[in-house]
Enquirer: 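The following block contains the structure, expressed as structure tokens.
The analysis underlying the following values was restricted to heavy atoms, covering all of them including side chains, and did not include hydrogens, waters or symmetry mates. Since we're looking at a predicted model, the values are computed, not measured.
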Amino acid sequence: TLIGGLLALSLEKPVLTLMTAVIGAWLMTLSGMAVGIEMGWQEKAASVIPAEYSTWLIMGLWVMLTAAGISTQRRLGRRKKKED
């Protein structure tokens, strides 16, 4: 039980950072898709991007936003430590 508690304390911040970045990036991706569909960008994109690539582009966008979120959270976390 002691080992589990110590492990939980050491993993809490990295797991929380990862999960907030993943979920936030997914919500931004879905929101962007909803806005794009509402504004009629889907038809314009379909004429330029083959349908089999659209899924990969969406997944790539999600991964890039996740990486940006993790990077931003880590940078802001280090800045807070320096201020303290």
Side-chain angles (χ1 to χ4, degrees):
T1 328
L2 179 63
I3 294 173
L6 293 174
L7 189 61
L9 285 174
S10 65
L11 289 177
E12 179 184 9
K13 186 171 181 170
V15 170
L16 188 61
T17 298
L18 176 67
M19 294 312 299
T20 55
V22 167
I23 293 168
W26 184 244
L27 290 174
M28 287 180 66
T29 303
L30 288 179
S31 299
M33 287 172 43
V35 168
I37 290 170
E38 187 69 28
M39 295 182 76
W41 294 346
Q42 186 178 16
E43 293 81 21
K44 293 176 186 174
S47 66
V48 178
I49 303 167
E52 60 267 9
Y53 295 129
S54 62
T55 303
W56 290 106
L57 289 172
I58 292 167
M59 292 295 290
L61 176 64
W62 181 35
V63 169
M64 288 190 314
L65 287 172
T66 299
I70 291 170
S71 172
T72 301
Q73 288 187 46
R74 290 189 60 174
R75 191 169 359 116
L76 290 175
R78 274 185 270 155
R79 190 179 300 160
K80 269 188 176 178
K81 284 183 183 178
K82 286 181 182 178
E83 289 176 3
D84 290 343

Enquirer: Working to the nearest 0.5 angstrom, can you tell me the gap between Leu11 CG and Leu18 CG?
Expert: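 So the CG of Leu11 and the CG of Leu18 are separated by 11.5 Å.
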Enquirer: Could you pull out the closest heavy-atom pair between Ala21 and Gly69, with the gap in Å?
Expert: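 The pair with the smallest heavy-atom distance is CB-C, 4.0 Å.
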Enquirer: Kindly list each side-chain donor-acceptor pair under 3.5 angstrom involving residues 35-59, sequence neighbours excluded, with atom names and distances?
Expert:
residue: Ser47; atom: OG; partner: Lys44; partner atom: O; Å: 2.7
residue: Ser54; atom: OG; partner: Ala51; partner atom: O; Å: 2.8

Enquirer: Is there a continuous path of hydrophobic side-chain contacts, each under 4.5 Å between heavy atoms, that joins Leu76 to Val22?
Expert: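 No.
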Enquirer: CZ/Arg75 to OG1/Thr72 distance, rounded to the nearest 0.5 angstrom?
Expert: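 One gets 5.0 Å once the value is rounded to the nearest 0.5 Å.
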Enquirer: Do you know which two heavy atoms are closest between Thr20 and Gln73, and how far apart they sit?
Expert: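 Smallest heavy-atom distance, with atoms named: OG1-NE2, 2.9 Å.
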Enquirer: For the CG atom on Leu9, are there more than 12 heavy atoms of other groups (residues, nucleotides or ligands in this structure) within a distance under 6.0 Å?
Expert: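 Above 12, so yes.
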Enquirer: Heavy atoms only: give me the nearest Trp62-Thr29 pair and the separation to one decimal.
Expert: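 Closest approach of Trp62 to Thr29: CA-OG1, 3.7 Å.
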Enquirer: Report yes if some heavy atom in the side chain of Trp26 is under 4.5 Å from a heavy atom in the side chain of Leu65; otherwise report no.
Expert: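 Trp26 does not reach Leu65 side chain to side chain.
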Enquirer: Between Ser71 (side chain only) and Ala67 (backbone N and O only), is there a donor and an acceptor less than 3.5 Å apart?
Expert: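 No, because the side chain of Ser71 does not come within donor-acceptor range (under 3.5 Å) of the backbone of Ala67.
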